[in-house]
Participant: 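First the structure, which I've put down as structure tokens, then a few questions once you've had a look.
As a basis for the values below, the full set of heavy atoms in this structure was taken, side chains included, without hydrogen atoms, waters or symmetry mates. As the structure is a computational prediction, the values presented were derived from the model and not from experiment. Residue numbers start from 1 in every chain, and the chains themselves are labelled A, B, ... in the order their sequence lines are given, proteins ahead of strands.
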Amino acid sequence: MQLSKAYSHKDIEAKWYNHWMKSGLFEPTKGTGACFSMVIPPPNVTGSLHMGHALNNTLQDILCRYKRMDGYRVLWVPGTDHAGIATQNVVERQLAQKGISRTQLGREKFIEKVWQWKQEAGDAILHQLKALGISCDWSHERFTMDEGLSRAVREAFVQLWEDKLLYRAERLINWCPRCKTALADIEVVHEESDGNLWHIRYPFADDPSQALVVATTRPETMLGDTAVAVHPDDERYKNLIGKKIRLPITGRVVPLIADPFVDREFGSGALKITPGHDFNDFEIGERFGLDKISIFDAEARVDAAAFLARGESGEWIERYRGKDRFDARKLIVAELKENGFLEKTAVHKLAVGRCYRCQTVIEPYLTPQWFVDIKPLAEPATKVVRDGKIQIIPEGWSNSYFAWMENIKDWCISRQIWWGHQIPAWYCKRCDAANLITGPDGDYLLTKDAMPIVGRQAPQHCPKCDGKELIQDPDVLDTWFSSGLWPFSTLGWPDNTDDLKTFYPTSTLVTGFDILFFWVARMIMMGLKFMGEVPFRDVYIHALVRDEQGQKMSKSKGNVIDPLDVMNQYGTDAFRFTLAAMAAMGRDIRLAEDRIAGYQNFVNKLWNASRFVQMNLSGASDARDDGHDVLFDDKLELADRWIRSRLASTIVEARRAIEAYRFNDYANVLYRFTWHEFCDWYIEMSKLALNGTVGDDPAKSRKLLSELLDQILLLLHPIMPFVTEEIWQVFSDTRKSIMVQPYPTAPSTWIDADTETKMEFLMGVVRAIRNLRTEMNCPPGKEVKVIFYGQSADLSFLSEQRPYLRALARVGSAEFLSSGERPRGAATSVVGATEIYLPLDDLVNLDEEQVRLAKEVGKIEQELVRVQKKLGNDDFLSKAKEEVVEKEREKASQFEEKIRTLRSSLEKIREIQAGRS
RNA sequence: GGGCGGUUAGCUCAGCGGGAGAGCAUCGGCCUUACAAGCCGGGGGUCACAGGUUCAAAUCCUGUACCGCCCACCA
């Protein structure tokens, strides 16, 4: 088959992906060899693939393809996450467009709808992942809510319960009034915003003419105040402690208490205490046994019933009944102002907590929830990182990990939504009759005193009263509870499957830092708890993909670049190469489109180099695959030995880079070798061997060229799977996929320092001549005469390379002289110890050369001054390393020599010009 | 309030103790039979600022400024 004139990614990507899948190449090989396993960070089934996914999966795929080629049994488990709240929200929004609410639909019907959505969205995401070319084993695909994983979730829950690491309690939790569910602490995003600090006068009960001023950012919560606190040592208030205060509006009488938590410097130094709606106040309330009044309902509207239940009364209750918390705030401020209770209003910056799924301001809310007693899980999870059993890369993130783990609080895992794993706890309708309330959604609400019966399956009867009527806890689990089990639940846990035995612990986890706490930390805790072993050895944390301006990509900003668009336009290989090349450790990626275009050119370059190789191969009887690798030959030409040496270094560097997760180095090393060494120099030089000008065996050169190309394809395959496979297969449709070829290794004998030095000298000379030609406006096609002066060894070497000098620098005739008068009126350059002269015959060029030489001399003189200064420094001579000093000395003499040569050339040109004028 | 990262060529980024690099853009010259998505050559940077350590600092330390994250109960 013939490589087409231009590379078209569109035709080949799907072709090869299907081929790989059909051939089962993504599945781990049988046998007992060393394993490399990974689990994909499961994308949410909420939407489509974004740049973060593209980066994440590209990096994983690079590792997998590399390891697979390098002989490992690779298992990469793909799948998706049900993403509880996020997905429920998406579907709710969809329904809302049709004017349907989820409560109208009812729990069962609603969940059906979500499953429908999951089917569509999940398929779309998987399709996009496949377009990226990722080589995960689709026969292992899992979903966090499929049957097996749901069983794992129940098992984990029950085990935690049995080990007393799970409890149900009424506490102040983060409540999203829009999602109407509890959230874990990390699901709250704190965002600084401008607000007010209202200073409010709280009159004393016994003498309303006297008042204490409190400062608050949330005046509406004063409906739930049950105390005012000051610092015990505050001289201003010390003697007032214990007095009663009558709250404005509600008229509630509350005590003035003293607690060292209060900051005397802040506001007035007096703090209103609302234990039902503030985390600090809650704790102070606990210390003082204060009432906790829940003044809002689930949607954060004033709940009049809460006051009535306390026996409170007054027209204010009706005035505030059902008011949204922000409306209530306005009303309260207005009322306080009107009645002279508002001392002043100051602007104030504050951090408000928002729901990470819908950005609604969080309301601290008193409700019964399920919690994981986290300390016993966190401690071993901290230890394994500290002891290096798990390595976090880059290491800097381990500090964040430790800080978080050490300050971790109990994990609220119950969510008042419908989409997710329903909590495997049941309640006896008879025993818990008093604790069961029918809620507005039709779900039961359970009071804090309800008595759960936890089990792997629904119990048939109540173990206490033998009652047959049992209801399941309506709450579902935090979506991260199931993802925390992912590394082993996907391998078959709780059954002790072959997969689990073979591939757990997994080798590496590749993920973004945004889910370090949400997910990585939980997996480590759960892995240690349920498997008794870490879930992975390495955690590679990659950067965030931003737009060109460094902005986070988001729909609302309209700066989202769709990976599919990029892949369509530039090709998946170019896109993947860009991501890899820009994935420098510990730094965010600003995705610049012209960068992708640049790497598309690289794909094209590879394509054309391959065409060159193919053109030379075709028709030649000595094609490939005769079982003999010319690369291993002892007798090779200079250029051959050079490129082989460079190849060996490249292989070593590439392996080193990828093993250390330095994807950018990996990409760049290969880019440089392929383009700037193989294409720019070797191919050009090989043309002489191919046409018989150099060496005596064009067939050997053909073979060598194709072997080198193979090596390049193999090295590049992990990053650019499609184009490398296409080329690989075009060269021989009988050989197996490039995916299953061994990754290149570099025999140390290939590295040849002497040859590299010689080639560098030759390349330096070629560049110097090209440079002189350009500077002198010498037409590119015109052959020139060049005179070399230098040491005999260098000269005889250069003399041998005359065919190359002719081909690469258009040197026509050349003279090699070791001594004698230098030419008058010549363009001059110096490479190493060799002087290069291009005799000039016209006046214009003499002028230009004079200017050029003068400039060149100036430049070198500057450098010489710097080196001489160093060498004149005794401290440098005595303290610097020997080889550094030696290097400086060499530099100095080279510079001097160079200056001398250029000056004398310059002098000669001046003489000529003086003679002419 | 703590912690982390960034500040290098016009743009996007490598380099992280011993002569400032890449890609793109730019300028000049080339249709040299793999490639004009290319080839050859050039220009362009007191490596944010101020101190310090060192014979030697873009590179290590301290501080400042600006930018960006993460964490945190100061109402």
Participant: Please give me the minimum heavy-atom distance between A:His542 and A:Gly52, naming the atom from each residue.
Facilitator: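 Of all heavy-atom pairs spanning A:His542 and A:Gly52, the closest is NE2-O, 4.5 Å.
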Participant: Applying a 4.0 Å non-hydrogen cut-off, can you work out what A:Phe279 is touching in the nucleic acid: base, sugar-phosphate, or nothing?
Facilitator: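 Answer is nothing: A:Phe279 stays at 4.0 Å or more from every strand.
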Participant: Is B:C49 paired to anything, Watson-Crick or G-U wobble with both distances less than 3.5 Å, and if yes, which nucleotide?
Facilitator: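 Pairing partner, where one exists within any strand: B:G63.
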Participant: One thing to verify: whether A:Glu888 and A:Lys891 come together as a salt bridge, which I'm taking to mean a side-chain N less than 4.0 angstrom from a carboxylate O.
Facilitator: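 Yes, charged N to carboxylate O under 4.0 Å.
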Participant: Going by the side chain to side chain contact (heavy atoms under 4.5 Å, CB included) test, name the single residue among A:Leu290, A:Asn280, A:Leu172, A:Ile284 that passes it with A:Pro275.
Facilitator: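 Passing option: A:Leu290.
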Participant: Could you let me know what B:G41 is paired to, Watson-Crick or G-U wobble, both distances under 3.5 Å, or none if it's on its own?
Facilitator: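 Partner of B:G41: B:C27.
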Participant: For the C1' atoms, the ones on B:G15 and on B:A57, what distance do you get once it is rounded to whole angstrom?
Facilitator: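 About 14 Å, rounded to a whole number of Å.
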Participant: Salt bridge or not for A:Arg852 and A:Glu775, using N-O below 4.0 Å?
Facilitator: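 Salt bridge between A:Arg852 and A:Glu775, a charged N being under 4.0 Å from a carboxylate O: no.
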Participant: Describe the nucleic acid contact of A:Val262 in one word from base, sugar-phosphate, nothing, applying a heavy-atom distance below 4.0 Å.
Facilitator: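 It contacts base atoms.
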Participant: Say we look at B:A56 and B:G18: how far apart would their C1' atoms be, to the nearest angstrom?
Facilitator: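 Result for the C1' pair: 6 Å, nearest Å.
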Participant: Which whole number of Å gives the distance between the C1' atom of B:G6 and that of B:A58?
Facilitator: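 Per the computed distance, 14 Å lies between those C1' atoms.
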Participant: Figure out the CD1/C1' separation between A:Ile515 and B:C69, and round it to whole Å.
Facilitator: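 Whole-Å distance recorded here is 16 Å.
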Participant: Please determine, for B:U33, whether a Watson-Crick or G-U wobble partner exists with both distances under 3.5 Å, and give it or none.
Facilitator: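 Pairing partner: none.
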Participant: Base, sugar-phosphate or nothing for A:Asn873? Non-hydrogen atoms, less than 4.0 Å.
Facilitator: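 It contacts sugar-phosphate atoms only.
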Participant: So what does A:Asn771 touch, heavy atoms closer than 4.0 Å: a base, only the sugar-phosphate, or nothing?
Facilitator: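 The residue A:Asn771 makes sugar-phosphate contact but no base contact.
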Participant: Looking only at side-chain N and O atoms, does A:Asn664 come under 4.0 Å of OP1 or OP2 in B:C13?
Facilitator: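 Answer no for this pair, as no side-chain N or O of A:Asn664 is under 4.0 Å from OP1 or OP2.
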Participant: Any side-chain heavy atom of A:His676 within less than 4.5 Å of one from A:Trp681?
Facilitator: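 No; the side chains remain at least 4.5 Å from each other.
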Participant: Report yes if the side chains of A:Val254 and A:Tyr202 come closer than 4.5 Å at any heavy-atom pair, otherwise no.
Facilitator: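 No, their side chains stay 4.5 Å or more apart.
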Participant: Would you say A:His676 places a side-chain N or O within less than 4.0 Å of OP1 or OP2 belonging to B:A22?
Facilitator: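 No, outside the criterion.
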Participant: For B:A25 and B:G51, measure between their C1' atoms and round to the nearest Å.
Facilitator: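 Looking at atom C1' only, B:A25 and B:G51 are 37 Å apart.
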Participant: Within the structure shown, what part of the strands sits under 4.0 Å from A:Ser400 by heavy-atom distance: base, sugar-phosphate, or nothing?
Facilitator: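 Nothing, no nucleic acid heavy atom in range.
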Participant: What is the distance, rounded to the nearest whole Å, between atom CH2 of A:Trp397 and atom C1' of B:C71?
Facilitator: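 Value for this atom pair: 11 Å.
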Participant: Heavy-atom nearest nucleotide on RNA chain B for A:Ala215 versus A:Tyr7: which residue maps closer to 5'?
Facilitator: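 Final value for this comparison: A:Tyr7.
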Participant: How many whole angstroms separate atom CD1 of A:Ile769 from atom P of B:G29?
Facilitator: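 After rounding, the gap between these two atoms is 23 Å.
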Participant: Between B:U7 and B:C13, how far is it from one P atom to the other, in whole Å?
Facilitator: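 Their P atoms lie roughly 10 Å apart.
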Participant: Scan A:Glu283 against the nucleic acid and name what it touches under 4.0 Å (heavy atoms): base, sugar-phosphate only, or nothing.
Facilitator: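 Nothing, no heavy atom under 4.0 Å.
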Participant: Students often get this wrong, so: under 4.0 angstrom with heavy atoms, is A:Lys409 touching a base, only sugar-phosphate, or nothing?
Facilitator: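 Here A:Lys409 touches the backbone only, sparing every base.
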Participant: Base, sugar-phosphate alone, or nothing: which one does A:Trp198 contact when heavy atoms must sit under 4.0 Å apart?
Facilitator: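 Since no nucleic acid heavy atom lies under 4.0 Å of A:Trp198, the category is nothing.
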Participant: Taking any heavy-atom pair under 4.0 Å as a contact, classify A:Lys272: base, sugar-phosphate, or nothing.
Facilitator: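 Nothing, no heavy atom under 4.0 Å.
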Participant: Knowing that exactly one of A:Asp573, A:Leu670, A:Val603 qualifies, which makes a side chain to side chain contact (heavy atoms under 4.5 Å, CB included) with A:Leu716?
Facilitator: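 By the side chain to side chain contact (heavy atoms under 4.5 Å, CB included) criterion, A:Leu716 pairs with just one of A:Asp573, A:Leu670, A:Val603: A:Leu670.
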Participant: Strictly below 4.0 Å, N to O, side chains only: are A:Asp225 and A:Lys272 in salt-bridge contact?
Facilitator: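 Looking at A:Lys272 together with A:Asp225, the answer is yes, because their closest N to O distance falls below 4.0 Å.
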Participant: Contact class for A:Tyr671 (heavy atom, under 4.0 Å): base, sugar-phosphate, or nothing?
Facilitator: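 It contacts sugar-phosphate atoms only.
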Participant: How many Å lie between NZ on A:Lys782 and C1' on B:C40, as a whole number?
Facilitator: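 After rounding, the gap between these two atoms is 17 Å.
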Participant: What contact category does A:Ala403 fall into here, base, sugar-phosphate, or nothing, at under 4.0 angstrom with non-hydrogen atoms?
Facilitator: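 No contact.
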Participant: Could you let me know what B:C4 is paired to, Watson-Crick or G-U wobble, both distances under 3.5 Å, or none if it's on its own?
Facilitator: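 WC or wobble partner is B:G68.
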Participant: According to the Watson-Crick and G-U wobble definitions, with both distances under 3.5 Å, which nucleotide is paired to B:G21?
Facilitator: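 Its partner is B:C13 (Watson-Crick or G-U wobble, both distances under 3.5 Å).
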Participant: Choosing from B:C40, B:A75, B:A34, which nucleotide comes nearest the side chain of A:Met615?
Facilitator: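 Side chain of A:Met615 sits closest to B:A34.
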Participant: Is a donor-acceptor contact shorter than 3.5 angstrom present between the side chain of A:Glu265 and the base of B:A75?
Facilitator: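 In this structure, the two groups form no donor-acceptor pair.
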Participant: From the options B:A22, B:G41, B:C35, select the nucleotide whose nearest atom is closest to the side chain of A:Arg672.
Facilitator: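 Nearest listed nucleotide: B:A22.
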Participant: For A:Leu606 and B:A37, what is the distance between atoms CG and C1' respectively, to the nearest whole Å?
Facilitator: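 So the CG-C1' distance, A:Leu606 to B:A37, works out to 14 Å.
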Participant: Using OP1 and OP2 only, check whether a side-chain N or O of A:Asn601 sits under 4.0 Å from B:G38.
Facilitator: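 Answer yes for this pair, as a side-chain N or O of A:Asn601 is under 4.0 Å from OP1 or OP2.
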Participant: Below the 4.0 Å mark, does B:C24 have OP1 or OP2 next to a side-chain nitrogen or oxygen of A:Arg595?
Facilitator: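 For B:C24, OP1/OP2 do not have a side-chain N/O of A:Arg595 under 4.0 Å.
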Participant: Rounding to a whole Å, what distance do you find between A:Arg611:CZ and B:A37:P?
Facilitator: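 So the CZ-P distance, A:Arg611 to B:A37, works out to 13 Å.
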Participant: Which of the following nucleotides, B:C35, B:C13, B:G29, is nearest to the side chain of A:Met582?
Facilitator: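 That would be B:C13.
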Participant: A:Cys679 or A:Gly267: which one's nearest nucleotide on RNA chain B is closer to the 5' end?
Facilitator: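 Comparing both residues, the 5'-ward one is A:Cys679.
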Participant: When rounded to the nearest Å, what value does the distance between P atoms of B:G63 and B:C24 take?
Facilitator: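 My reading of the P atoms in B:G63 and B:C24 gives 41 Å.
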Participant: Taking OP1 and OP2 of B:C40, is either one under 4.0 Å from a side-chain nitrogen or oxygen of A:Trp681?
Facilitator: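 No, A:Trp681 has no side-chain N/O under 4.0 Å of OP1/OP2 on B:C40.
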Participant: Does A:Lys859 place a side-chain N or O at less than 4.0 Å from the phosphate oxygens OP1/OP2 of B:G43?
Facilitator: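 Looking at the OP1 and OP2 atoms of B:G43, one of them is under 4.0 Å from a side-chain N or O of A:Lys859.
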Participant: Describe the nucleic acid contact of A:Asp680 in one word from base, sugar-phosphate, nothing, applying a heavy-atom distance below 4.0 Å.
Facilitator: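 Sugar-phosphate, no base atom in range.
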Participant: Looking at A:Asp185 and A:Lys409, does any basic side-chain N land under 4.0 Å from a carboxylate oxygen?
Facilitator: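 A:Lys409 and A:Asp185: not salt-bridged.
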Participant: Can you check the distance between B:C39 and B:A34, where both ends of the measurement are the P atom (answer in whole Å)?
Facilitator: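 Between the two P atoms, the distance is 13 Å.
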Participant: Is there a side-chain contact between A:Lys881 and the phosphate of B:C55, meaning an N or O under 4.0 Å from OP1 or OP2?
Facilitator: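 Checking B:C55 against A:Lys881, no side-chain N or O comes under 4.0 Å of OP1 or OP2.
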Participant: Select base, sugar-phosphate, or nothing to describe what A:Arg773 touches, counting heavy atoms under 4.0 Å on all strands.
Facilitator: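 Counting heavy atoms under 4.0 Å across all strands, no contact is made by A:Arg773.
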Participant: Got a salt bridge between A:Lys887 and A:Glu890, using NZ or NE/NH1/NH2 to carboxylate O under 4.0 Å?
Facilitator: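 The answer is no: the pair does not qualify as a salt bridge.
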Participant: Using a 4.0 Å heavy-atom cut-off, does A:Arg866 contact any base of the nucleic acid, only the sugar-phosphate backbone, or nothing at all?
Facilitator: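 The residue A:Arg866 makes sugar-phosphate contact but no base contact.
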Participant: Nearest-Å distance, CG (A:Asp514) to C1' (B:C4)?
Facilitator: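 Spelled out: CG on A:Asp514 to C1' on B:C4 is 15 Å.
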Participant: Among B:A37, B:C40, B:A34, find the nucleotide with the atom closest to the side chain of A:Phe612.
Facilitator: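 Nearest listed nucleotide: B:A34.
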Participant: Can you tell me how far P in B:U46 sits from the matching atom in B:U59, rounded to whole Å?
Facilitator: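 So the two P atoms sit 16 Å from each other.
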Participant: Check the distance between B:C13's C1' and A:Phe577's CZ and give it to me in whole angstrom.
Facilitator: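 Atom-to-atom, A:Phe577 to B:C13, this comes out as 14 Å.
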Participant: Are OP1 or OP2 of B:U54 and a side-chain N or O of A:Lys879 less than 4.0 angstrom apart?
Facilitator: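 Result: no.
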Participant: At less than 4.0 Å, is any side-chain N or O atom of A:Lys687 found next to OP1 or OP2 of B:A34? Yes or no.
Facilitator: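 The answer is yes; a side-chain N or O of A:Lys687 sits under 4.0 Å from OP1 or OP2.
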